[in-house]
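A short write-up of the structure that comes next.
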Amino acid sequence: VEDCFRNYHPVYHIKALMIKRELEKDETLKNESWERFLPKFKKKNVQRQKRNKKAAKEYTPFPPAQTPRKIDEQLESGEYFLSQEEKQAKKLQQREDKQSEGRA
């Protein structure tokens, strides 16, 4: 448990116990030091990337003004009240103006 606080994973201890169990079975290694077979804990200094902090936006308690709808824009320009023929005639006129600008 103490090694967990030192940032050693418990699986290393389980591996060491498994290795010790195998070494106990071997008659030639029973009376020798097992240090060379056991895993060595090495500290790794891992560099972590620093996250860029986004600049905090200024807090405004009120939401932004609502953008006008397409119908609202048509009401302001008077286009909403035109008949279908007048609308088509206006579109054609705008196309012709664009084409004449492109040629000139």
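These figures come from a predicted structure and were not determined experimentally. Reckoned from all heavy atoms, side chains included, excluding hydrogens, waters and symmetry mates. Residues take their numbers from the sequence shown, with the count starting at 1.
Within 6.0 Å of NZ in Lys15 there are 12 or fewer heavy atoms belonging to other residues, nucleotides or ligands.
Ion pairing between a basic and an acidic side chain is recognised when a charged N comes within 4.0 Å of a carboxylate O; Lys98 and Glu101 show no such pairing.
One finds the NE2 atom of His13 at 9.5 Å from the NZ atom of Lys20 (value rounded to the nearest 0.5 Å). In this structure, the separation between CD on Gln94 and NZ on Lys91 is 9.0 Å, given to the nearest 0.5 Å. The line from OH of Tyr80 to NZ of Lys87 is 8.0 Å long, rounded to the nearest 0.5 Å. Met18 contributes atom CE, which lies 9.0 Å from atom CD1 of Ile14 (distance to the nearest 0.5 angstrom). The distance from the CD atom of Gln74 to the CD atom of Glu76 is 11.0 Å, given to the nearest 0.5 Å.
Contacts of Glu73 classified as salt bridge (Lys or Arg N to Asp or Glu O under 4.0 Å), with partners at least two apart in sequence or in another chain: none.
Side-chain heavy-atom separations under 4.5 angstrom define the hydrophobic clusters, and the remaining members of the one that includes Leu38 are Ile19, Leu23, Leu29, Trp34, Phe37. Other cluster members for Tyr59: none, since no ILVMFWY side-chain heavy atom sits under 4.5 Å from it.
The shortest side-chain heavy-atom distance between Glu79 and Lys90 falls under the 4.5 Å cut-off.
Side-chain atoms of Glu96 do not come within 3.5 Å of backbone N or O of Gln93 as any donor-acceptor pair.
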